[in-house]
Participant: 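The structure follows.
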Amino acid sequence: MNDYKVKKSYPFDAIEPKWQKFWEDQGLFRVDVDNPVSKYYCLVMFPYPSAALHVGHGRNYIIGDAVARYKMMRGFCVLSTMGFDAFGLPAENAAIKGGLHPKVSTLNNIANMKRQLHQWGCGYDWPKEVISCLPEYYKWTQWVFLKLYEKGLAYKKRQAVNWCPSCQTTLANEQVVDGSCERCETKVIEKELEQWFFKITSYADRLLEDLSLLEGWPERVRTMQANWIGKSHGVDISFPVVDEKEPLHCFTTRVDTIFGATYIVLAPEHPRLGSLLRAVDNRAEVERAVSGMKAQDIITRTSTETEKVGVFTGRYAINPMTGEKIPIWVGNYVLMEYGTGSIMCVPAHDERDFQFAKRYSLPIRVVIDRPRDPLDVKSMSGAYVEEGVMVNSGPFNGISSREAMEKIADDMEKRKIGKRTVNYRLKDWLISRQRYWGAPIPIIYCKKCGIVPVPEKDLPVVLPDDVKFQPTGVSPLKGDEGFKHAKCPKCKSEAEREVDTMDTFVDSSWYFLRYLSADDPKKPFDSKRVNNWLPVDQYIGGVEHAILHLLYSRFIVKVFYDLNLVSFKEPFQRLFTQGMIIKDGAKMSKSKGNVVSPDELIERYGVDTVRLYTLFIGPPEKDAEWNDQGVEGAYRFLGRFWRLVDGINDWNVEGKVEANVLRRMAHETIKKVTDDLEGDFHFNTAISTIMELLNAVYQFRPKDETDRALLKECAKTMVLLLSPFTPHICEELWRRLGHKASVLKESWPRYEEKHLVREELEIAVQVTGRVRSRIVVPADISEEELKQKALNDEKVKSWIEGKQIKTVIIVPKRLVNIVI
RNA sequence: GCCGGGAUGGCGGAAUGGCAGACGCCUGGGACUUAAAAUCCCAUGGGAAUUAUAUUCCCGUGCCGGUUCAAGUCCGGCUCCCGGCACCA
């Protein structure tokens, strides 16, 4: 920032705090949730408490606040709430590095964020605030766990995790850099831990089906969710194993290619592997290769770029359709998480299998052919994955592969060698975290009674404050004897607590219900209230949450629905995902050092300027580049606006704009702004239309009382239209225009159709698609007259002279195209 | 790699298949001023022709091709960039 003082265009520093206090004192954002009349639940994704908000964060809250204010003016009873997703890894990591206790730093951060939100003029029903790291909240997160446990939807199983042997801790995929721990660079290994899961897979079908109910969601988010769930139909085929009783199961979506299955590949983690290798001579060698594959991370393994590596187990299976003996391999590109962890390989018709077969010289057999251009194995450079005609497939030869898909499945089901199944890519939700700063999982392990849930009356299982944060990576809870010690709720004997905490996504999967009963000590939420208020009318947040958070929230709500706790199937009626704010080509973040602090900007220009620029910067669903000079433009506009409405402007221009044009523009502006707010929240175009209106007003010179009344009407309209975006200046100007009540209590301006009508239109005249002239015609001209007028235009004449006119296309109110 | 999205002047962006570049920024010029700031007005995609200084023409929406009277917009094939990928939230 330059050090000279800018002369203020208007006294924002005096008016902004004044109106913030006014809204707060008047309780304009407080809602009596038991008496909703035309309710509107406007929800912004609650944030993780970071040290200070930058202008990139601001976009989310400013959009939410603009929507809430607009809906209030439309007469809705708007509930707009705020809370904090306060558990999480960064606060704990900071504590380990010698920083403050997570509870202290988190609550400090929350206090600062609340100061900033207030400073931004964002109105919330603060008494309903929720903070997920406080026992009053996480007591009920634990209750959610118990409900899922009762329903059989929470279970324990062994699962491989990324483990750093030096830090003695679990790592997220993002903490693994090139196979090593990001902190100490030790090689990361796979380790199996007993962990808690939520059975989201049993809701896979409903989560997929009900996407069709979500018409108010962006199509891309629905597509991403559908792909994430990844439903596929196929056949589970039993392959008998030579010298074994138990067959191997392979799931395939391409049963039509079964006659071309020339080998089988197992995932390195496949449970049958140990027994299959028992009697194999080079067992040690094979196992070494297998552990090498396990060391690769998932992203590398599934990449088609990564070299497919494998090892032959020395064992064989039987292709149940051909009766052939086919080898069983282990390969890095097969994942235990998907399907059955073993695949039948058809190199001629699957790209990955093709690469693998080439590398290890495994047989390739074409079973689906292209009739026009038959395939030849010797010359194939890749797999043929399209449909075609069956060949080399015994009784199925000659029919189409599509038809064969059904016939072969029927045949296999009849002979009991295969079964049609549905498979999902979606995995169960792993909720265990070996960390301190999260809600403890309410489970007790008793030597006699086994796994015993903590009874509801004993909740919350309180997170002990007095723990040691050490850089060993071991969860502080694990070393806390006082916490670990518990009495079995059933038999009262000595027992141990679960020391893992829950994934923070559990906290955030139900918070929108808690807002309605934030201070209720007896229950997590009130069914009657949530049934009145939900689904959320408008949910607003970052597109980075398009899959996980939204899917988990949908899942938990469906579980509550099944428990008769709520009467709605989906939590969020409409979803808006806003884009990120970019600075110098990268996402704004503290670590990249490209953050723009709102505090300085607010001091210099006032918060309405920052809000206006944030909304004007671009279409809100797209990423946008922050530009400090653009802020200046927003500030200039507000100064112009202020001077006009406050009446101190004595512009001395000729009246270029006529009264009837100005009136029409005013009504067009109301229509455009309203349409933008009712549609996709394109604040940028709404604001630019208001700017055009202001520019026109500056070109208008009132001549008489009628003109002055029109001018005043325009001023009033602009104050109301801008008030959701820049509420402080508008609240102030509204008073100066002589009104007593808050703009929020005012109703949204209406436009009149009769004022939108134009008397004359400018029509473009094209000659074979190129604009050659423009003509002004009466708005009610007939097509024939228009055509004649176009043909007789001087400029047009010179282009069509001596040419034959093929046809004339007329687009009403827009153009005439003369095709020669 | 897989899934989703994007690419338009010097910059952010605007455009129901129908006049590309609204609005804002930057820049240049002018008015006001002792001067500056602020403010107000005008110009502003690139190239060319004419000097009649107003107008005309040509080229332009990441790249290659197609459909159409007409394509930033639709179709096919690429390139590059961004988000998510299950322990960041």
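Each chain gets a letter, A, B and so on, in the order the sequences are listed, and its residues count up from 1.
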Participant: What is the nucleic acid contact for A/T504, judged by heavy atoms within less than 4.0 Å: base, sugar-phosphate only, or nothing?
Facilitator: sugar-phosphate

Participant: Give A/F505 one of three labels, base, sugar-phosphate or nothing, depending on what nucleic acid heavy atoms sit under 4.0 Å from its own.
Facilitator: base

Participant: Categorize A/Q195 for me: base, sugar-phosphate, or nothing, with a 4.0 angstrom heavy-atom threshold over every strand shown.
Facilitator: base

Participant: Is A/N684 close enough to B/C23 that one of its side-chain N or O atoms is under 4.0 Å from OP1 or OP2 there?
Facilitator: no

Participant: State the pairing partner of B/U51; accept Watson-Crick or G-U wobble contacts with both distances under 3.5 Å, and report none otherwise.
Facilitator: none

Participant: Between B/A89, B/A20, B/C40, which nucleotide has the shortest distance from any of its atoms to the side chain of A/V771?
Facilitator: B/A20

Participant: Could you check which of B/C42, B/C26, B/A14 has an atom nearest any side-chain atom of A/R636?
Facilitator: B/C26

Participant: Which of these passes side-chain hydrogen bond (donor to acceptor under 3.5 Å, both in side chains) with A/T577: A/E544, A/R220, A/E621, A/H545?
Facilitator: A/R220

Participant: Is there a donor-acceptor pair closer than 3.5 Å between any side-chain N or O of A/H57 and the backbone N or O of A/H54?
Facilitator: yes

Participant: Measure from the side chain of A/M224, starting at C-beta and using heavy atoms only, and say which of B/C19, B/G83, B/C85 lies closest.
Facilitator: B/G83

Participant: Heavy atoms from C-beta onward define the side chain here; which of B/G6, B/C3, B/G13 lies closest to that of A/N227?
Facilitator: B/C3

Participant: Give me the distance, rounded to whole Å, that separates B/G45 from B/A22 when you measure between the P atoms they each carry.
Facilitator: 8 Å

Participant: Looking for any heavy atom pair under 4.0 Å, which part of the strands does A/W429 touch: base, sugar-phosphate only, or nothing?
Facilitator: nothing

Participant: Using a 4.0 Å heavy-atom cut-off, does A/I809 contact any base of the nucleic acid, only the sugar-phosphate backbone, or nothing at all?
Facilitator: base

Participant: Which is more 5' along RNA chain B, the nucleotide nearest A/T223 or the one nearest A/R640? Just name the residue.
Facilitator: A/T223

Participant: What is the glycosidic conformation of B/G9: syn, defined as within 90° of 0, or anti?
Facilitator: syn

Participant: Between B/G18 and B/U55, how many Å separate the two C1' atoms, rounded to a whole number?
Facilitator: 25 Å

Participant: Any side-chain N or O of A/W799 under 4.0 Å from OP1/OP2 of B/U56?
Facilitator: no

Participant: Is the distance between the ring centroids of A/Y539 and A/W217 less than 6.0 Å?
Facilitator: no

Participant: Is the phosphate of B/C58, meaning OP1 or OP2, less than 4.0 Å from a side-chain N or O of A/R772?
Facilitator: yes

Participant: What does B/G65 pair with, Watson-Crick or G-U, if both distances are under 3.5 Å?
Facilitator: B/C75

Participant: State the pairing partner of B/A70; accept Watson-Crick or G-U wobble contacts with both distances under 3.5 Å, and report none otherwise.
Facilitator: none

Participant: Between B/G21 and B/G12, how far apart are the C1' atoms? Round to whole Å, please.
Facilitator: 13 Å

Participant: With respect to the phosphate group of B/G24, does any side-chain polar atom (N or O) of A/N695 fall under 4.0 Å of OP1 or OP2?
Facilitator: yes

Participant: Are A/Q629 and B/U27 close enough that a side-chain N or O sits under 4.0 Å from OP1 or OP2?
Facilitator: no

Participant: Using atom C1' in both nucleotides, what's the gap between B/C63 and B/C57 to the nearest angstrom?
Facilitator: 27 Å

Participant: Reckon A/R425 touches a base, only the sugar-phosphate, or nothing at all at heavy-atom distances under 4.0 Å?
Facilitator: base

Participant: With a 3.5 Å limit on both atom pairs, tell me what B/A38 is paired to, counting Watson-Crick and G-U wobble, or say none.
Facilitator: none

Participant: Which one is paired to B/G24, where only Watson-Crick or G-U wobble pairs with both distances under 3.5 angstrom count?
Facilitator: B/C11

Participant: Donor-acceptor pair, A/R59 side chain versus A/G579 backbone, under 3.5 Å?
Facilitator: yes

Participant: Regarding A/R640 and the six-membered ring of A/Y698, is the cationic atom NZ or CZ under 6.0 Å from the ring centre and inside 45° of its axis?
Facilitator: yes

Participant: Just how far is it from atom OG1 of A/T685 to atom CD of A/E692, taken to the nearest 0.5 Å?
Facilitator: 10.5 Å

Participant: Quick one: does any side-chain atom of A/D676 pair with a main-chain N or O of A/A686 as donor and acceptor, under 3.5 Å?
Facilitator: yes

Participant: Where the side chain of A/P619 is defined as all heavy atoms beyond and including C-beta, which of B/G13, B/C69, B/A22 is the nearest nucleotide?
Facilitator: B/G13

Participant: Pick base, sugar-phosphate or nothing for A/I763, based on heavy-atom distances below 4.0 Å to the nucleic acid.
Facilitator: nothing

Participant: Please classify the nucleic acid contact of A/H545 as base, sugar-phosphate, or nothing, using heavy-atom distances under 4.0 Å.
Facilitator: base

Participant: Counting the atoms with a prime plus P, OP1 and OP2 as sugar-phosphate, which does A/Y48 contact under 4.0 Å by heavy atoms, base, sugar-phosphate, or nothing?
Facilitator: sugar-phosphate

Participant: Please measure how far the P atom in B/G10 lies from the corresponding atom in B/G47, and state the result in whole Å.
Facilitator: 10 Å

Participant: Can you tell me if the side-chain N/O atoms of A/R814 get under 4.0 Å from OP1 or OP2 in B/U16?
Facilitator: no

Participant: Among the candidates B/C40, B/G13, B/C69, find the nucleotide nearest to the side-chain atoms of A/N817.
Facilitator: B/C69

Participant: Measuring from A/I431:CD1 to A/W196:CH2, what's the distance to the nearest 0.5 Å?
Facilitator: 8.0 Å

Participant: For A/K795, which contact category applies under a 4.0 Å heavy-atom criterion: base, sugar-phosphate, or nothing?
Facilitator: sugar-phosphate

Participant: Which part of the nucleic acid, if any, lies within reach of A/S508 when heavy atoms closer than 4.0 Å are counted: base, sugar-phosphate only, or nothing?
Facilitator: nothing

Participant: Using the C1' atom as the point on both nucleotides, what is the distance between B/C88 and B/C74, in whole Å?
Facilitator: 40 Å

Participant: Under 4.0 Å between any heavy atoms, over every strand shown, what does A/L548 touch: base, sugar-phosphate, or nothing? Just pick one.
Facilitator: base

Participant: Counting any heavy atom closer than 4.0 Å, what does A/R433 reach on the DNA or RNA strands: base, sugar-phosphate only, or nothing?
Facilitator: base

Participant: Look at the side-chain N and O atoms of A/R770 and state whether any lies under 4.0 Å from the OP1 or OP2 oxygen of B/A20.
Facilitator: no

Participant: Sticking with atom P, work out how far B/A14 lies from B/C69, rounded to a whole angstrom.
Facilitator: 31 Å

Participant: For the pair A/Y203 and A/F555, name the ring-plane relationship: parallel under 30°, tilted 30 to 60°, perpendicular over 60°.
Facilitator: perpendicular

Participant: Checking all strands, does A/M580 fall into the base, sugar-phosphate, or nothing category for heavy-atom contacts under 4.0 angstrom?
Facilitator: sugar-phosphate

Participant: With nearest nucleotide decided by heavy atoms, which residue, A/E692 or A/K672, maps closer to the 5′ end of RNA chain B?
Facilitator: A/K672

Participant: Return the nearest nucleotide to the side chain of A/S688; candidates are B/C19, B/C23, B/A89.
Facilitator: B/C23

